[in-house]
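Values reported hereafter were calculated over all heavy atoms of this structure, with side chains retained and with hydrogens, waters and symmetry mates removed. Remember, it's a predicted structure, so these values are computed and weren't measured experimentally. Letters A, B, ... are given to chains in the order of the sequence lines, protein chains preceding strands, and every chain is numbered from 1.
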Amino acid sequence: AQKITQTQPGMFVQEKEAVTLDCTYDTSDQSYGLFWYKQPSSGEMIFLIYQGSYDEQNATEGRYSLNFQKARKSANLVISASQLGDSAMYFCANLITQGGSEKLVFGKGTKLTVNP
Amino acid sequence: NAGVTQTPKFRVLKTGQSMTLLCAQDMNHEYMYWYRQDPGMGLRLIHYSVGEGTTAKGEVPDGYNVSRLKKQNFLLGLESAAPSQTSVYFCASSPRGNAYEQYFGPGTRLTVT
């Protein structure tokens, strides 16, 4: 079964520092994709970053980067220069192909709190 | 361009009542999805649709039915609500074959007493 594990229920970081949110995945697919979403207290799901399994370079989007270690099946999110507005829930997700269509499988999330 | 909208935003039901949640998207997306989010859990896929007139089961389909009669609308029905269905429901849509661009609605908070 496809599975996403986020082992950190909560994380704290000081404003302007960097933080790493862990994500490991378990998939038998040869081709897959990994996503990170941010969910602020307002509830909406916001796409942050995507890494394809065949991408040779780690994905980066502004202050977000993905530390992709394929052999370890990990896809950790790194947020640099944390801001107060980064306080939110963060979900890692794996894109799987099942029955000819693509679906996302989500982890349980990590609650990030940025302290001033 | 409203993106993905969900109706209603909040609802309280009594056990055994029925209701339909509406998801609408104006981006001409082929794929639409219904998820539920429970405390301490990530989103779990209930049902999804890969095009008008098609539906398929996701991870947690029991107790729900769906319909996609029009491309822009994806309906989620609860025939006989149970307290275990208290959750936040998210709808999402994506262009055909590209879940990378999955756009989420704002969510519907449902409480079943």
Side-chain angles (χ1 to χ4, degrees), chain A residues 1-10 21-26 29 31-55 59 61 66 77 88-111, chain B residues 2-6 8-10 23 25 27 29-52 54-61 66 68 74 87-110:
Chain A
Q2 315 283 352
K3 191 177 174 183
I4 291 282
T5 303
Q6 295 180 251
T7 57
Q8 308 152 314
L21 307 183
D22 294 342
C23 173
T24 58
Y25 57 93
D26 182 11
D29 291 351
S31 175
Y32 53 88
L34 296 151
F35 297 75
W36 278 92
Y37 286 85
K38 173 183 178 182
Q39 187 179 42
S41 57
S42 51
E44 72 268 32
M45 294 288 285
I46 303 168
F47 166 76
L48 293 179
I49 196 167
Y50 166 80
Q51 178 85 44
S53 58
Y54 290 117
D55 294 340
E61 288 285 347
L66 209 152
L77 176 70
M89 284 291 293
Y90 288 81
F91 291 96
C92 181
N94 182 18
L95 181 67
I96 66 169
T97 301
Q98 197 171 75
S101 61
E102 296 177 325
K103 296 180 287 185
L104 286 173
V105 176
F106 286 82
K108 293 185 177 182
T110 295
K111 183 175 181 179
Chain B
V4 181
T5 57
Q6 292 182 232
K9 289 185 170 54
F10 303 95
C23 175
Q25 51 95 4
M27 297 173 283
H29 286 171
E30 291 287 342
Y31 285 25
M32 295 187 76
Y33 313 81
W34 274 109
Y35 295 91
R36 61 177 288 173
Q37 184 181 30
D38 301 306
M41 306 277 288
L43 276 70
R44 292 183 293 168
L45 184 64
I46 305 171
H47 286 280
Y48 64 100
S49 167
V50 301
E52 181 178 319
T54 74
T55 62
K57 293 181 180 180
E59 182 185 354
V60 287
V66 287
R68 183 97 182 270
F74 194 29
S87 189
V88 180
Y89 292 85
F90 284 95
C91 176
S93 71
S94 65
R96 183 177 180 84
N98 189 2
Y100 170 77
E101 293 184 68
Q102 197 161 127
Y103 295 82
F104 283 84
T108 295
R109 187 172 296 274
L110 176 67

Qualifying residues under ring-ring contact (aromatic ring centres under 6.0 Å, His included), relative to B:Phe104, sequence neighbours excluded: A:Tyr37, B:Tyr35

Interchain contact, B:Leu43 with chain A, by part (heavy-atom threshold 4.5 Å): both

Which portion of B:Gln37 sits near chain A, non-hydrogen atoms under 4.5 angstrom: side chain

Closest-packed option against chain B by number of heavy-atom pairs under 4.5 Å, given A:Glu44, A:Gln39, A:Lys111: A:Gln39

Spacing of CZ belonging to A:Phe106 relative to CD belonging to B:Glu59, to within rounding of 0.5 Å: 11.0 Å

Under 4.5 Å from any heavy atom of chain B - which part of A:Gln6: neither

Qualifying residues under salt bridge (charged side-chain N to carboxylate O under 4.0 Å, His left out), relative to B:Arg68, sequence neighbours excluded: none

Exceeds 12 heavy-atom contacts within 6.0 angstrom, atom CZ of B:Arg109: no

